[in-house]
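Input: a single structure, listed below in structure tokens.
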Amino acid sequence: MKYINVAIDNKSEHTDTLYTYGCEDDQVQVGQKVYVPFGLGDKVREAYVFQVLEEPEQEYKKLKFAEKIDEEVSLTEEIIDTCMWMKRRYLCKYIDAVKCFTPAGSRSKRGKERNPYKDAEGEAQNILSLTAEQERVLAPIRQAISEGRHRRFLLHGVTGSGKTEVYMRAVAKCLEEGRQAVMLVPEISLTKQIIERFIGRFGSDSIAVLHSRLSLGERYDEWSRIRSGQVKIVIGARSAVFAPLSQIGLVVLDEEHETTYKSDMTPKYDAVEVALKRLQHHDGVLLLGSATPGVATYFRSCQGIYERLELTSRYNQVALPQVSVVDMRDEMKAGNRSIISRQLYEAMETALEKKQQIILFLNRRGYSTFISCRECGKVLKCPDCGISLTYHKDKNRAVCHYCGYEEKPPEICPDCGSRYIRYFGTGTEKVEETVRGFFEKASVERLDLDTTKRKGSIERILNSFKKGKIDILIGTQLVAKGLDFKNVGLVGIISADVTLNIPDFRSPERTFQMITQAAGRAGRGDETGTVIIQSYTPENYAVQLAAEQDYKGFYETEIQLRQYMGYPPYSDLIQLVFASKTEEKAKGAAENWYEKILSALGGEEKECVFRPQAAPMSKIKEQYRYCMLIKCPQGKRRAYSEILETLKEAEKIKKKDYTVNVDINPYSFI
DNA sequence: AGCACGCCGACT
DNA sequence: GTCGGCGTGCTC
């Protein structure tokens, strides 16, 4: 006879505690799935064992007994421990954390294993010998793996420097040591090449692929293949970090800077943090790779939290493209009001004559509108937060989405007095129309989320581009992600300003990454490519240093700014979103929390908590939303989490008419 | 969140 | 007398 503390699979926040049951089976273990009677009606519910006790912690008037143990879905102690950590870190429910680790589907009826990637041919491998640089970088990784010590590496390698080969060698070393490896990629649908290379090298029997397009049954099969121990390598998007492996020796995160590693659904976890947590248990190695590491990541590598390794030369010595920045203010002065500058137009003509392909980058349609002067490039920014102000048409005000500062938008530019004040954010969709008008004979195709909603059309468009059937491809970030095109002579970035002025402290970082990635698409064949960046603020450091391909210079500038403004990595930003049926209730809840947080802080660090404000799109699905931002100083994360946890706990007791959603270091601020 | 219990009004 | 309305409070 044992006593077990279980987390019950129930939607409610009110039942998000561990319940004690008796258990007849002495063999019961932490992590096992059990069925328990719950509530007045003793309805049978699924639950997971978090603790096994010899004696109950207290006397229970009516102790109930667990019914049976499900042997097929049981987790390990390590996983349960990670769930406890996730609950605290992301303020989610026990069961939300557990569900990350369990397969949503059920066992396939026929018991026959489906193979979701059997059509993926393993790419024939002629194993190339490593360059001296690759050898140098691999040595410490191999050593860490063979010593079985928890270490963390950041591999900073320019595009085309052979990072994937380094990953594969590290994975091979890990398998040699009898352990398993996880390979995370930002977006599985665009990374077919990586999967094929891995299957070619390691064979498909020992590889499992996890991604969102798998059916529930397929996912379940992959999950049980992994748990049974026959899988040695798991490749997948961020959720693959939850793979039920028992001896993780290595987790690789390719394109570490990508925002897709942060979940936007509950629990709002960060795959890097989860990987670190798990690897500490397993004494495994973390390997982050990127050509443009996130500023926070690079900062940590300077602090020694990550050991930095560098690959500086491109694999087959292809020269980096020639990058130039076009000042759109000059175009304006010269009377060219089109979205395409004269220089870009000429470069396009030249490329078409030479039968080279062209990619034009169009940043995600700005959902927020920033205000700028077309004559001098001045952009309206918050005096306190340094981020771009967003124009709110309904009240005709320019508003800061971080702190709520607002002002009346100027009619003439405060810097140069020009009346050409422009409200940016829309209009970029017109690029396709303009380009078709300019180059009637060329074949033009657009690739973005609108055109690729239909399944398979991404691949269709990319394939016809590869075959040379498209002359000009107009696309969003989608095109930039690690795709290899041979005949691209010219890459044009229509407006670097759109990314630069997203109201987010990371917008310079994103701009730098976007330009660098885009530039990497040009001239990967034998000829040097050309990159043209259009901007109204060409003197901006992110644009300038990206054009010069100077990562370190950018980092030095950016990290100083972050320190000065107190942004990550010098703080953690916590976003709270309050939703309710009426505006008053949402506002009331937000203001109530604001006061309570301030008093919990004991009057200190008042400047860290911003006043709540109505969310820009304040009404979604019949719910009114208010949001509030907290800038949690470095080293105070635990204290702030505890305040929020206590508040959440206290609110749980009373009947609430609102919901709170917590996001730690969100990737977008609403 | 569910779900049972309970304490009032309209009904065979 | 009883069927059922939803308000209230608890779940090991």
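- You'll find that the side chain of A:K11 is closest to B:dG2, out of C:dT11, B:dG2, C:dC12.
- Between the CD atom of A:E55 and the P atom of C:dC12 there is a distance of 21 Å, rounded to whole Å.
- Look at CD1 on A:I8: it is 14 Å from C1' on B:dC3, rounded to the nearest Å.
- In this structure, the side chains of A:V252 and A:V182 stay at 4.5 Å or more apart for every pair of heavy atoms.
- By the 6.0 Å contact criterion, NZ on A:K11 is open, its count of non-hydrogen atoms from other residues, nucleotides or ligands being 12 or less.
- A:Y21 comes within 4.0 angstrom of sugar-phosphate atoms only, judged by non-hydrogen atoms across all strands, and of no base.
- Side-chain contact between A:P568 and A:F505: present, with at least one pair of heavy atoms (C-beta onward) separated by less than 4.5 Å.
- In this structure, A:D42 atom CG and C:dC12 atom P are separated by 7 Å, rounded to whole Å.
- The number of heavy-atom neighbours closer than 6.0 Å to CD of A:E77, taken from other residues, nucleotides and ligands shown, is 12 or below.
- Rounded to whole angstrom, the span from the CG atom of A:N5 across to the C1' atom of C:dC12 amounts to 9 Å.
- Within a 6.0 Å sphere centred on NZ of A:K262, other residues, nucleotides and ligands contribute more than 12 heavy atoms.
- Separating the CG atom of A:L53 from the C1' atom of C:dC12 is a distance of 12 Å, rounded to the nearest angstrom.
- Partner of A:E78 under the side-chain hydrogen bond (donor to acceptor under 3.5 Å, both in side chains) criterion, chosen from A:K277, A:Q280, A:H281, A:R278: A:R278.
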Sub-3.5 Å pairs of nitrogen or oxygen atoms, protein against nucleotides 6-9 of chain C:
none

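- If you measure from atom CZ of A:F38 to atom P of B:dC3, you get 12 Å, rounded to the nearest angstrom.
- Taking atom CD on A:Q51 and atom C1' on C:dC12, their separation rounds to 13 Å, with Å as the unit.
- Considering only heavy atoms from C-beta on, A:F242 comes within 4.5 Å of A:M86 through its side chain.
- Proximity note for A:K43 (side chain, C-beta onward) versus B:dG2, C:dC12, B:dC3: the nearest is B:dC3.
- Spacing between atom NZ of A:K64 and atom C1' of C:dC10 amounts to 11 Å, rounded to whole angstrom units.
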